[in-house]
There are 2 protein chains.
Amino acid sequence: MNDEAPIRVYLVDDHALFRSGVRAELDRGDGRTPVVEVIGEAGSVDEAVAGIGHLVPDVVLLDVHLPGGGGAEILRRARAAGTESVFLALSVSDAGEDVISVIRAGARGYVTKTISGRDLADAVRRVRVGDAVFSPRLAGFVLDAFSDRPGAAPPVDPEVDQLTKRERDVLRLLARGYAYKEIAGELFISVKTVETHVSSVLRKTQTSNRHELSRWATDRRLV
Amino acid sequence: MNDEAPIRVYLVDDHALFRSGVRAELDRGDGRTPVVEVIGEAGSVDEAVAGIGHLVPDVVLLDVHLPGGGGAEILRRARAAGTESVFLALSVSDAGEDVISVIRAGARGYVTKTISGRDLADAVRRVRVGDAVFSPRLAGFVLDAFSDRPGAAPPVDPEVDQLTKRERDVLRLLARGYAYKEIAGELFISVKTVETHVSSVLRKTQTSNRHELSRWATDRRLV
DNA sequence: GGGTGTCTCAGGGTTGTCCCCGAGACCGCG
DNA sequence: CGCGGTCTCGGGGACAACCCTGAGACACCC
């Protein structure tokens, strides 16, 4: 599996301490031949885009949450500048929206920061050769979200755009904690009609009550 | 300012990568004499309590969010075991509740993970000699919270601390969307008792239903 | 014209939420 | 010992949430 030359990695995270940790763990190579080499790092969006364009790394390790745009922003700008680097997201967050946004932007994998140095090196090697790498907790989630779209990333979730306009109206108010009666008053329809819409929304989103639905909606930023 | 012997530091964080980073930055000592030496580390609550008791470090660098109890829990248990180590919280979070909880438990400082290696070493040195160290963004907050309480700290809303312990238990689950039946199962009490507690909470918080209450609770970061 | 989809509304049902009332058990305080 | 606070639990009721079935009106499209 050794291609002689080590994999050249660029590291983006706003915490210098964390960058230092990744560098220490990866460069050490776990006592064996260093298959991974950190050739540069950045702590901000602008710095990262410039560094990637300049150094042309094989793999970019990308933090999701950064001041001034986030990892997805870096990915889009680097792609727009014509980079061919492969991107692997590395984040503390396991929130669905974070995973979705960065994968949609084009990352080839997403691992959480709980990962060990050895596993991280292995993940880097795997995305380098084309694998998609996900932390175990996220794998199921990602498969669900992209199961019926093998090709490019869709603009919105399949579940969201199968809601009708009126259903979205009801959903918006519902997620804000409105009672059926209040929703009816707001939309100038009867309570019974509200019930019908709510019922459809719950069925389509595969949630069972308004609390789950609220979480579902906020995860997708519909509120 | 050099006491000849380096300050002995114990490091607690659930991310091995991050521990590695702190270790690399601190041990290097920025090219000068190593004033700080990492003598041990832990990734879990139990491991940390045991390690602190055994190694007797001068300073413990403590992550706030840990599986199985958190930094405040470690601090309390280590104190109960009679340690004389000084604790410095080191966290990604700048949320008020996190700061409050760990300071209340007895930490002498709180810095965020955006800190540089050099500044961290300096912070360690300062808490070692008795200073209270806070990241700039948190300094104002901490002063506010403790301004009128030179001693201990009960900085909660008047409405929150008039809730009894059991009522808070119920509130926590209720705000997460649990049904009464589920809360009853979780707390090993009857649904009727849950109703009683909910009723009290709604009255004391002057809210009229669980949705308003959820917002009330999240506004005060009780979830 | 017929099929499909959306929006509207209703009846009737189960379950959940919230309120009122009362009540026994425990514990700490004066 | 009595008193107050907390925790526990019950009955009974009003209303909200949610489900199922059915159905009329309108628009679009083949």
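What you see is a predicted model, and the numbers here were worked out from it, not measured in a lab.
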Discussion item. If you define the side chain from C-beta out and look only at heavy atoms, does anything of A:S85 sit under 4.5 Å from A:V60?
Written reply: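 Answer yes - side chains close enough.
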
Please give, in whole Å, the distance from [N] [atom2] to [X] [atom1]?
X	N	atom1	atom2	answer
A:R203	D:dA17	CZ	P	20 Å
A:E212	D:dA17	CD	P	16 Å
A:L163	C:dT6	CG	P	10 Å

Item to complete: Using the ring of B:F18 (Phe, Tyr or Trp, six-membered ring only), decide whether B:K113 places NZ or CZ under 6.0 Å from its centre and within 45 degrees of its axis.
Response: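 So B:K113 does make the cation-pi contact.
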
Worksheet item: Is any side-chain N or O of A:E195 under 3.5 Å from a base N or O of C:dC9, one able to act as donor and the other as acceptor?
Response: no

[N] phosphate, OP1 or OP2, under 4.0 Å from [X] side-chain N/O:
X	N	value
A:H211	D:dA17	no
A:R166	C:dT8	yes
A:S199	D:dC19	yes
B:S208	C:dC18	no

Fill in: Among C:dT8, C:dT17, D:dC19, the one nearest B:Y180 by side-chain distance
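Looking only at side-chain atoms, B:Y180 lies closest to C:dT17.
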
Practice prompt. Consider the side chain of B:A179, meaning its heavy atoms from C-beta on, and name the nucleotide among C:dT17, D:dA17, C:dC7 that approaches it most closely.
Written response: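 Taking heavy atoms from C-beta onward, the closest nucleotide is C:dT17.
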
Fill in: Identified side-chain hydrogen bond (donor to acceptor under 3.5 Å, both in side chains) counterpart of A:E167 within the set A:K204, A:R172, A:H197
A:K204

Worksheet item: In residues 185-194 of chain A, which ones come under 4.0 Å of DNA chain C, going by heavy atoms?
Response: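 Within residues 185-194 of chain A, the residues near DNA chain C are A:I189, A:S190, A:K192, A:T193.
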
Item to complete: Please lay out, stage by stage, how B:E212 and B:R215 fare under the test salt bridge (Lys or Arg N to Asp or Glu O under 4.0 Å).
Response: CA-CA 5 Å; B:E212 286 181 27; B:R215 296 203 60 171; over 6 Å; no

Worksheet item: So how far is it from A:L171 CG to A:S214 OG, rounded to the nearest 0.5 Å?
Response: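 With rounding to 0.5 Å, CG (A:L171) is 8.5 Å from OG (A:S214).
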
Worksheet item: Between the side chains of A:S199 and A:T196, does any donor sit under 3.5 Å from an acceptor?
Response: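 Looking only at side-chain atoms, A:T196 and A:S199 do not form any donor-acceptor pair under 3.5 Å.
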
Item to complete: Only one of A:I52, A:L90, A:I74 passes side chain to side chain contact (heavy atoms under 4.5 Å, CB included) with A:L62; say which it is.
Response: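 Exactly one pass, corresponding to A:I74.
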
Discussion item. Quick check: on DNA chain D, is the nucleotide nearest B:T196 upstream (toward 5') of the one nearest A:V198, or the reverse? Name the residue that is more 5'.
Written reply: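 Taking each residue's closest nucleotide, the earlier one in sequence belongs to B:T196.
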
